[in-house]
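Structure first, then comments.
The shown structure was predicted, so the numbers you read here are calculated from the model rather than taken from an experiment. Quick note: numbers below take in every heavy atom, side chains included, and nothing from hydrogens, waters or symmetry partners. Count residues from 1 along the sequence.
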Amino acid sequence: MDTVAHCLEACEQAYLLFGCPHFSYSERQSAHRNKKYYPIDTALHRAVSGTGGRDRGKALETFVFLSLRRRALPVGYWRDGSEVDFVVRSGKSVIPVQVSWEGEQERHKLALRQFYERHPHALDPIFVEATNAPFFATEVDRIEAAMLPA
């Protein structure tokens, strides 16, 4: 396990991969959960996954993560049975972001219900899918605006 951790750390230092930590208000809890990793370029994922580029959803998720990271927004993922792809945070304000190539599905709704049970103060979610991905920059602007102090 140490070898894998060292390899992932080396890839992060070389800017080949970026780690996305588990979202928690507790740094301790966040540190004990595995990170999700995203490549700097979606072509890296296609090159090593063997799916031949058929996993558009993963490519879209990578695009969203890199867009949030590029804006220097603190981003993590949340999983407690179901998964919220990203949680953007500033202080106590959080916005869940769900990503799916096919659009909103029941599993996304379930994950958000579970998330809001644990974090009822969270702001309205953002759904990113193939049809609205070109306009995601506008949504990132909305996230940034929501994170500004009142």
Side-chain angles (χ1 to χ4, degrees), residues 1-27 29-91 93-112 114-115 119 122-148:
M1 189 63 161
D2 287 338
T3 303
V4 172
H6 289 298
C7 287
L8 288 171
E9 185 178 328
C11 286
E12 280 190 276
Q13 290 176 356
Y15 296 105
L16 293 172
L17 297 175
F18 297 111
C20 180
H22 182 266
F23 166 75
S24 176
Y25 286 111
S26 165
E27 291 294 325
Q29 284 181 352
S30 196
H32 288 335
R33 301 287 298 261
N34 290 334
K35 291 180 181 179
K36 284 174 56 175
Y37 288 92
Y38 295 93
I40 185 72
D41 188 325
T42 57
L44 287 174
H45 180 266
R46 286 192 310 268
V48 299
S49 71
T51 61
R54 290 184 297 262
D55 193 354
R56 295 179 187 165
K58 193 62 172 171
L60 183 59
E61 190 174 323
T62 299
F63 163 74
V64 170
F65 174 75
L66 294 174
S67 297
L68 293 169
R69 190 182 183 286
R70 211 171 277 125
R71 297 277 186 107
L73 294 169
V75 61
Y77 75 96
W78 182 84
R79 184 181 300 138
D80 191 8
S82 296
E83 181 177 302
V84 173
D85 293 315
F86 303 109
V87 178
V88 183
R89 171 180 150 171
S90 178
S93 296
V94 294
I95 298 177
V97 178
Q98 286 289 54
V99 181
S100 175
W101 185 263
E102 300 87 22
E104 183 180 351
Q105 298 175 8
E106 189 56 40
R107 64 185 166 92
H108 299 116
K109 294 175 188 176
L110 173 64
L112 286 171
Q114 291 174 345
F115 179 78
H119 305 284
L123 302 175
D124 291 339
I126 294 175
F127 288 93
V128 182
E129 54 194 62
T131 58
N132 69 357
F135 309 105
F136 182 63
T138 305
E139 290 298 321
V140 175
D141 291 339
R142 182 173 81 88
I143 291 170
E144 287 182 315
M147 297 301 170
L148 293 174

Do you know which two heavy atoms are closest between Leu17 and Pro39, and how far apart they sit? CD2-CA, 3.7 Å
Roughly how far, to the nearest 0.5 Å, is the CD atom of Glu129 from the CD atom of Gln105? 9.5 Å
Mark yes or no for whether Gln98, through its side chain, and Asp85, through its backbone, hold a donor-acceptor pair below 3.5 Å. yes
Just verifying a value: how many Å separate Thr62 OG1 and Asp41 CG, rounded to the nearest 0.5 Å? 9.5 Å
Heavy-atom nearest pair, Val84 first then Ala111, reads CG2-O, 3.9 Å
Closest heavy-atom pair, Leu60 versus Ala130, reported as atoms and distance to 0.1 Å, is CD2-N, 3.9 Å
For the side chain of Arg33 and the backbone of Ser24, is there at least one donor-acceptor N/O pair under 3.5 Å apart? no
Working to the nearest 0.5 Å, report the span between CD of Glu61 and CG of Leu66. 11.0 Å
Quick check: does any side chain N or O of Asn132 sit under 3.5 Å from a backbone N or O of Phe127, one acting as donor and the other as acceptor? yes
Would you indicate whether the side-chain heavy atoms of Arg107 and Ser100 approach each other to under 4.5 Å? yes
Nearest 0.5 Å, please: how far is CD in Glu106 from CD in Glu104? 8.5 Å
CG of Leu68 to CG of Leu73: how many Å apart, nearest 0.5 Å? 6.0 Å
Any Val97 side-chain heavy atom under 4.5 Å of Val64 side chain: yes
Would you check if Glu83 and Lys36 make a side-chain contact, meaning some heavy-atom pair closer than 4.5 Å? yes
Is the shortest heavy-atom distance from the side chain of Val94 to the side chain of Tyr25 under 4.5 Å? yes
Result of checking Trp78, Phe23, Tyr38, Tyr77 against Phe86 for ring-ring contact (aromatic ring centres under 6.0 Å, His included): Tyr38
Report the relative orientation of the aromatic rings in Phe65 and Phe18; use parallel for angles under 30°, tilted for 30 to 60°, perpendicular for over 60°. tilted
